[in-house]
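See structure below.
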Amino acid sequence: MTTKRLLGVFAVLIVIWLIVPTLVIIPMSFNEAPSFNFPPKGFSTRWYENFFTDPNWLKALGASLQVAVLTMVVATAIGVMAATGLSKVKFRGKGLAEGYFLLPLIVPGIVLAVGLYSLFLRFNLLGTLPGFVLAHTIVAMPLVITNVMASMQGLDPRLEQASASLGAGRLRTFFSITLPLIAPGVTAGALFAFVTSFDEVILSLFIQSPALQTLPVKIFNSVTQTNDPTVAAVAVITMLTSVVVMLIAQFATRKRKRPVA
Amino acid sequence: MTNDPTPLPGEHEQELRAEGLNTSTIHVIGEAGISLNQVTKRYGENTVVDAIDLVIEPGEFMTFLGPSGSGKTTTLNMIAGFTSVDDGLLHIYGKPVAKLPPHKRDIGMVFQNYALFPHKTVMENIAYPLQRRKLSKDEQKRRVKDALAMVRMGDYGDRYPSELSGGQQQRVALARALVYEPRVLLMDEPLGALDKKLREWLQTEIKRIHREVGSTFVYVTHDQEEALSMSDRIAVFNNGKIEQVGTSEDLYEAPQTLFVGRFLGESTVLLGAGTPLGDRQTAISVAGHQVIANGQFAQQHLAILIRPENLRLEPAGVEATTERNSVPVTITDVTYLGASRRYTVRLPDGTEGAVRLGQEARIHNRGDHVSMVWDIDAGVLLVDTGEAGESST
């Protein structure tokens, strides 16, 4: 019994340790004083007001949303195609191919960032919207692939054969049968892609320009260059966005308990 | 029905001639429902379907019967287009289909695991092939309703597949595969996952539906009873080849190979070295006794196959005559089957035999020494291929 209690206490401590640094930012964002005080002095929502009235912050938010949505669309489209292909074909070294697609998850971000920086410099992609989307897609796509592959595994290949025998071509079969059945995985993958892009900092720091900065980049610049507590409010907003999106992703994968016969 | 009344579609004749076929072969292909010419499938070094020739008549109920790994399912998948044809010609109603994707072959397919679309209702499942064929909404509704009525599932249109039992799901799958009136319906062990009672009932249902729609049915099974009771003709597969094609009676009464004889129904097989007897009979030495069968073979290792209902048990010491054979046996088991009794007997050399006797026959007991007697005409002489006997009884 005591071991159980000890384990419980230990678990609670771990949970607190994991979440407290994240939660600390919340009281800080409601600080009255214009500094990063903890514990905060007084209560005010002035930093939130500041955020929503400052065109620079709003521009960064707009850029982030734009990049994240485009990344989500591109990464999902390519990721679903890659996962479909990988789940269909059998060849020697298929495991290697799968590993190759997941490489961006393993390679240190800074390595990727330096490589991309030199490439983008050459192709004039630095500080451009396509540049950001391309870069973010690289790190977002593996998440789409893993999620979609997981859904594909539960898919009976006979369903696609049945569809073909009933007169549907490959495209028709994909949109009428395959896609609806792997929808939970696709949705989850897409949302993961969105969040990954929305939170991405390392690549973004390298390819940013004064004209185009995403929110995390702006936060980083603000923290390193000024002492503006608006950052705390922005951080809370970013965090909430991510949490909400991840919850939707969770919900999407849980839904549809109907057995895939 | 959409069945084409012209036996030889002119537009395909040129293609067939270009393949270097002669007129009579072209006629066979043109008049066949499905024709396979030297159809071959290899996986690496392994030839799983070995140069098969088969002509399935339009409207026929053809069953592919064989043990697992005999090539029957691969052959079906080649007809369906799920598996590519490595060699040979494949025609459906005179149309060369070997290079055609499945959705252009005008076939229906029923799978063992039903393969209903889980995200669509029963009605949506059945309407799916009609949507692909761009039928009007009214026409779709009418046809779906008819198809559901045909399989007696009229009240289940709004259910999802997961809400149906296995037998119900398979009936929906059957309706879905037939609603667009394909000329060919392929079935891959459709009743394999169902219990015996349901299976027997669905067998009669499938037979009835076959009579109603008149399409060519190709049915794959490893269950010989199912094959015997349902088919117009049966093709028995073994090791990637077809051993024999024929009606149930042909296969049961006049098997051409020992494999076919053993695979279908029960039998007693006596093996031994054969010596010609006159011009048309062969004598075989079985456990020190000479037995006689009609027919002659060049090979020395031969077998006589006798069905259990053609064997009789007589008092020990009954002699063979020019009309009948007799060997001494010991009864090792008796099973009461209601209308008949089934005796398992053992010959002096250890060979087992099965004898079925009706109510009127004298009753014997386990351990009795008797004579097993059969008319020479009732034994089938076959070549002993040395293959281990596989019986599915």
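Everything numeric here is computed off the predicted structure, so don't read it as measured data. Throughout, a chain's letter reflects where its sequence line sits, starting with A, and its residues are numbered from 1.
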>> Evaluate A/Ile177 against B/Lys120 for side-chain contact (heavy atoms from CB on, under 4.5 Å), listing each step before the verdict.
In response: CA-CA 9 Å; A/Ile177 307 301; B/Lys120 292 178 182 289; 4.0 Å; yes

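- Listed here is the closest heavy atom pair of A/Gln161 and B/Phe111: OE1-CE2, 3.6 Å.
- Atom OH in B/Tyr128 sits 6.5 Å away from atom CZ in A/Arg172 (nearest 0.5 Å).
- Within a 6.0 Å sphere centred on NZ of B/Lys197, heavy atoms belonging to other residues, nucleotides or ligands number 12 at most.
- For chain A, the nearby part of B/Arg133 is the side chain; its heavy atoms alone come within less than 4.5 Å.
- By the neighbour-count criterion of 12 heavy atoms within 6.0 Å, atom CD1 of A/Ile14 is densely surrounded, having more than that number from other residues, nucleotides or ligands.
- How far CZ of A/Arg158 is from OH of B/Tyr114: 13.5 Å, rounded to the nearest 0.5 Å.
- Taking every heavy atom of both residues into account, B/Ala115 and A/Ala162 meet most closely at O-CB, 3.9 Å.
- How far CG of B/Asn113 is from CG of A/Leu159: 7.5 Å, rounded to the nearest 0.5 Å.
- Within 6.0 Å of the CZ atom in B/Arg208, the count of heavy atoms belonging to other residues, nucleotides or ligands exceeds 12.
- A side-chain donor-acceptor contact under 3.5 Å links B/His119 to the backbone of A/Ser176.
- Within a 6.0 Å radius of NZ in B/Lys145, no more than 12 heavy atoms belonging to other residues, nucleotides or ligands are found.
- Within the 4.5 Å cutoff, no side-chain heavy atoms of B/Phe117 are placed close to those of A/Leu181.
- Annotation: the span from B/Asp106 atom CG to A/Ser165 atom OG amounts to 11.0 Å, rounded to 0.5 Å.
- Closest non-hydrogen pair, A/Gly167 versus B/His103, comes out as C-CB, 3.5 Å.
- Between B/Arg132 and A/Ala168 the shortest heavy-atom distance is CD-CB, 3.4 Å.
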